[in-house]
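Shown next, in structure tokens, is the structure this report addresses.
From a predicted model like this one, the values you see are computed outputs, not experimental measurements. The sequence lines fix the lettering, A, B, ..., with proteins before strands; numbering per chain opens at 1.
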Amino acid sequence: MPELPEVENIRRSLAPHLLDEYLTLKQPFHPQVWINPGDLPCRDVKVTAINRRGKYLDFVLDSNLHLVAHLRMTGRFTYTEDLASPCLPHTHVIFAVSHSVGLPAHAELRYSDPRRFGRLILLNDTELKSYKFGYNSLGAEPLSPDFTPAYLLTAAGKHPHAKIKSFLLDQTVIAGLGNIYADEILYACRLHPCIPVGSISEASWEQVVNETIRLLSLSIANHGTTFRDYRDGDGKRGGFQSLLCVYGRAGQACPRCNGILATTRISGRSTVYCPQCQAM
DNA sequence: AACCGCTCCTGATCGC
DNA sequence: TGCGATCAGGAGCGGT
């Protein structure tokens, strides 16, 4: 399940292969996964940049186009120069990659997604700003200067009764956290996942900021977390899963106090925490 | 207005 | 061994 560190690693693995190369959308593609609101062409368009915002990837193309991708749970980009290699099961979109307009493809960029929760959307500059989807209501980027204790304190004031776990997962507050990192951040900060954010002090928010930056940076450096499906654009697994303290470890011993890690459900997500270290 | 919970979807895992 | 039930969850949306 790609969250910010995994999406960042996908971006970094694809960029050297795709920058200044040309993409052509090949049939077949899956209409549920591929959304093309403006009926725009996608043929021999040059990739000028690959950016990340939260969990979204933005392939910036010439002709004022953006291919915006969200991988949700099981979406995966695979870059391959072996055109004869078999596609992964559930491959829904394929792009031919060539060095120039009219040249034959030397590679393919493939999108596979067993659960089909992910979406690829092709938008022009104007549409990108007005299209109604999560990309346009994202909150602070956690590895940017906007992400400060004061920002979180102000945001918490707008939803004081929200549980901190739900708050961390709210993409309009912080862009890019998912279930794994939310649990790890709360554990690192010794905060119970059900604490209402209105009762959290600025000093605690400072700790949340510091631990979020520390954990995300560490995970990016370790090529992300491969819990089930995640791979980068070259098919490589992450290494951060061996550094997880609580996610996926319900019933096991707490690495800090040796108590038993508990599990609960908060806004539909399984949540693991240490009842001793993270008291209310 | 601020939440809650349902929906999408398949593969892995579990209990009988 | 086989088969049905359960669980995993990001974002969007309808309901309260």
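Residue contacts for A:S270: at a heavy-atom cut-off of 4.0 Å it reaches the sugar-phosphate backbone alone, with no base atom in range. Residue A:G268 is out of contact with every strand shown, counting any heavy-atom pair closer than 4.0 Å. Within 4.0 Å (heavy atoms only), A:K158 reaches sugar-phosphate atoms of the nucleic acid but no base atom. Note on A:Y247: only backbone sugar-phosphate atoms sit closer than 4.0 angstrom, heavy atoms only; bases stay farther off.
Taking atom CZ on A:R115 and atom C1' on B:dT10, their separation rounds to 6 Å, with Å as the unit. Look at CG on A:L71: it is 11 Å from P on C:dA11, rounded to the nearest Å. With rounding to whole Å, A:D183 atom CG is found 13 Å from C:dA8 atom C1'. If you take NE2 of A:H90 and P of B:dC8, they are 18 Å apart, rounded to a whole angstrom. Atom NE2 in A:H92 sits about 10 Å away from atom C1' in B:dC9, given to the nearest Å. Atom CZ of A:R116 and atom C1' of C:dG12 are 18 Å apart (whole Å). Taking atom CZ of A:R119 as the reference point, atom P of C:dG12 lies 10 Å away to the nearest angstrom. Look at CG on A:D229: it is 10 Å from C1' on B:dT10, rounded to the nearest Å.
Relative to the ring axis of A:F77, A:R231 does not place its NZ or CZ within 45° and under 6.0 Å from the centre.
The side chain of A:Y56 sits closest to C:dG12 out of B:dG11, C:dA8, C:dG12. The side chain of A:Q32 lies closest to B:dC8, out of B:dG11, B:dC8, B:dC3.
Taking 4.0 angstrom as the limit, A:Q171 places none of its side-chain polar atoms (N or O) nearer than this to OP1 or OP2 of C:dG10. Listed pair A:H161 / B:dC3 fails the phosphate criterion, with no side-chain N or O lying under 4.0 Å from OP1 or OP2. OP1 or OP2 of C:dA11 has at least one side-chain nitrogen or oxygen of A:H70 nearer than 4.0 Å.
Linking Ile, Leu, Val, Met, Phe, Trp and Tyr whenever their side-chain heavy atoms come within less than 4.5 Å leaves A:Y22 and A:I50 in two separate clusters. Follow the hydrophobic side-chain contacts under 4.5 Å out from A:L122 and you never reach A:V60; the two are in separate clusters.
Test A:L244, A:I185, A:L243, A:N210 against A:L215 for side-chain contact (heavy atoms from CB on, under 4.5 Å) and you get one pass: A:I185.
Where A:N179 and A:K132 meet DNA chain C, the nucleotide closest to each residue was compared, and A:N179 sits on the side nearer the 5' end.
Remark: A:E141 engages A:R53 in a salt bridge, criterion side-chain N to carboxylate O under 4.0 Å.
With centroids closer than 5.5 Å and planes inclined by less than 30 degrees as the test, A:F117 and the base of C:dA11 fail to qualify as a stacked pair.
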